[in-house]
Each structure stands twice: as C-alpha cells, then as structure tokens.
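One-based numbering, in listed order, for ligands and for the atoms of each. Predicted, not measured: the structure shown is a model, and the values here were computed from it.
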Amino acid sequence: MISHSDTSIVTIDRFIIEQEAQFPEATGELSGILYDLAVAAKMISSKVRRAGLIDILGAAGSENVQGEHQQKLDVIANAIIIKAMDHGGRLCAMASEEEEGIIAIPPQFKCGKYVLLFDPLDGSSNIDVNVPVGTIFSVLRRVTPGTGHGATADVLQAGMKQVAAGYVIYGSSTMLVYSTGHGVHGFTLDPSIGEFLLSHPDIRTPELGKYLSVNDSYERDWSEPVRALMRYYRGLDGNREPMNVRYVGSLVADFHRNLLGGGVFVYPSNTQSPSGKLRLLYECNPLAFIAEQAGGAASDGKRRLLDVVPAELHQRSPLFLGSKIDVETAARMLLTDR
Ligand code: P6P
C-alpha cells in the first residue's frame with residue numbers, strides 16, 4: 001500500500017485511484033461505487049448538519065418495513081443513496097433497511113456486477129437530540145448469472161463475501177471509514193472545500209478493549225452465560241481490568257469510538273429478542289468486515305459473524321464486535337449458551 005507522509009493532502013478520490021492502481025485486474029467499477037458513496041455521504045451530511053434548522057426534525061409519520069417510525073431524515077438519506085447509486089452501471093441491485101425487498105436498477109440504466117446493501121441512517125432516533133448518527137454500507141459481487149437485474153440471491157451472501165464495506169459517522173465531524181480488504185482507512189470531510197481528506201490511514205484496533213458498549217437494561221432478559229460475560233467485562237469476577245462503559249445508543253458512534261480506542265460492542269440475544277436487534281446484512285456484516293480488517297473480530301456468540309449464511313434480507317443477529325481478545329472471550333464464555 002502506498003504510504004502517505006503526514007503532510008500530504010490526500011483526497012478520497014486520489015486514495016481510491018492509488019489503491020485501484022495496485023490491482024492491474026481492477027476495472028474501476030468498485031472505485032466508481034466508492035466515489036458515488038462519498039458524494040452521497042456529503043449530501044446526507046449536509047442534511048444532517050441542518051436537521052435542526054430546516055424543521056425536518058420529528059417523525060415523518062410513515063413507518064418503515066421494520067414497523068419503526070421513520071424520521072424524515074431516514075427517508076431523505078435513503079432516497080439520496082438510491083439516486084446517487086442507481087445510474088452508475090456498476091450495480092445490479094440494492095437493498096436498504098428502509099425498503100422491504102431488493103431495489104431494482106431503473107430500466108433506463110445499465111446493470112453492473114455488484115450489489116450494494118445499506119442502512120441509510122442508523123441511530124436516527126437520536127437525531128432530535130443531536131447524538132451522532134451514521135450510514136453503513138456493504139458491497140458484494142453478484143452471484144446470479146447474466147448481466148441483467150440482480151436477484152435476492154445476490155444479496156443473501158455471507159459477510160465473508162463482501163468486497164468492500166464501511167460507514168459514515170455524522171458526529172463532531174463527518175468521517176467516512178471503509179475497507180476493500182486491504183486495511184481500514186478513515187477520511188474526514190473538510191466542509192470548507194467539500195472534500196473527504198485522508199485523516200486515519202490504516203486504522204488498527206487494540207486487541208484488548210478499553211470500552212464496553214452494552215445496553216444493560218436488558219440484563220433481566222439475558223441468559224446466565226451472558227450475565228457472566230458482562231461481569232467479566234466489568235472486572236467483577238477479578239479476571240480482567242474493568243472496562244469503561246460507553247453506550248451512545250447509536251451503533252456507528254459506539255463502534256467508531258471502540259475501533260479507534262479499543263473496545264467491544266455487544267448486543268446479545270435476550271428473551272424478548274432471541275436474535276438480537278441489529279440487522280445482519282447491512283449493520284453487523286459491514287462493521288464486522290471493518291473490525292476484522294483492523295485486527296479485531298466479530299461473532300454472533302456462536303461463530304465468526306462473517307461465516308453466517310443469511311436466510312432473509314432483514315434478519316437480525318446477536319452481535320459481539322470489536323477488540324479481538326474480548327470478542328474471543330465472549331465466544332468462549334457463551335459456548336454453554338448453545
Ligand atoms: P437499544 C439505533 O436504533 C440502533 O439500531 C443502533 O444504532 C443502536 O446501537 C441500537 O439500535 C440501540 O438499541 O435497544 O439499546 O436502544
């Protein structure tokens with residue numbers, strides 16, 4: 001990988017071109033997807049930054065396929081991504097948390113060899129209280145034959161098949177963090193020039209976590225092995241330095257802090273939600289891909305998360321995500337929780 005001196009100003013476009021140049025077989029289609037996603041991220045960032053000012057706070061009134069109240073920004077972010085991605089000729093289908101089925105490429109546009117899955121605005125219930133929210137995306141190569149429209153089979157692939165994944169965090173600054181399987185790289189948006197600039201090259205996450213992100217209001221619904229694991233993370237059983245509990249309630253914000261500082265995000269199954277809450281395909285898998293590329297790990301409590309073969313587009317999964325040692329400990333302590 002080309003290394004950049006601390007003083008060089010590297011835009012995301014330059015970085016993508018330089019990365020592509022290292023792979024002679026690259027056709028530029030994946031690069032095109034990343035360019036277009038960066039444009040969509042800038043557009044969503046502009047909307048999020050003005051959320052409190054142009055009176056688009058509050059629920060749109062409509063509900064999404066999850067039966068959750070759609071904040072207006074959810075609807076807007078979803079439309080922005082679809083419109084930014086549907087005409088580039090690189091995708092044969094898309095899937096979104098906000099849409100029940102797969103999203104077809106409009107007939108006037110060419111289909112490509114990739115599919116894009118995304119959560120357009122995760123954590124959107126936090127918008128009204130100015131807590132960071134995020135976009136999460138995952139790119140797979142189509143598996144169905146032909147060059148026409150994609151099918152559900154193209155999106156229902158295990159996370160290990162991802163060719164790229166990443167997220168955008170709309171926080172104190174807007175950052176885009178992605179990987180194409182060659183390390184994890186972070187770009188910070190300079191709003192004065194409208195460019196994402198390389199700010200965090202080759203992110204590595206500490207093997208042992210400092211932060212524990214969990215909503216322990218569900219403790220009464222956890223199994224005993226999960227309760228024991230949380231006692232371990234908190235140092236209550238004397239086998240570990242206590243972790244600092246940090247839980248924003250916005251997956252991208254919690255994950256990003258843990259990725260940089262070391263930590264584990266856990267959303268176990270519980271009696272109310274036997275499969276957990278988070279969506280496998282467009283929340284868990286992309287962040288698991290990032291975690292592994294940064295030296296971390298991800299599990300559903302039973303197996304490596306990226307090995308899970310999905311059955312449904314919106315299926316949920318328990319999630320243990322982040323620092324390698326802490327995720328491995330979870331898998332070990334939950335062995336009896338089968
Ligand atoms: P809980 C936000 O609604 C979200 O999907 C994630 O961003 C967040 O990590 C999780 O749900 C929070 O869930 O049950 O703790 O409120």
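Protein residues are said to neighbour a ligand when one of their heavy atoms lies under 4.0 Å from it; for ligand 1 these are Asp122, Gly123, Asn215, Tyr218, Tyr247, Gly249, Ser250, Leu251, Phe265, Tyr267, Lys277, Leu278.
Heavy-atom minimum distance, Leu305 versus Ser317: CD1-OG, 3.5 Å.
A salt bridge between Arg316 and Glu283 is absent, with no side-chain N of the basic residue lying under 4.0 Å from a carboxylate O of the acidic one. A salt bridge between Arg141 and Asp154 is absent, with no side-chain N of the basic residue lying under 4.0 Å from a carboxylate O of the acidic one.
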For this session: Test side-chain contact (heavy atoms from CB on, under 4.5 Å) on Ile103 and Phe118 and set out the steps.
Result: CA-CA 11 Å; Ile103 303 161; Phe118 57 92; 4.3 Å; yes

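Geometrically, Arg257 engages Tyr211 in a cation-pi contact defined by less than 6.0 Å to the ring centre and at most 45° from the axis.
The number of heavy-atom neighbours closer than 6.0 Å to CD of Glu328, taken from other residues, nucleotides and ligands shown, is above 12.
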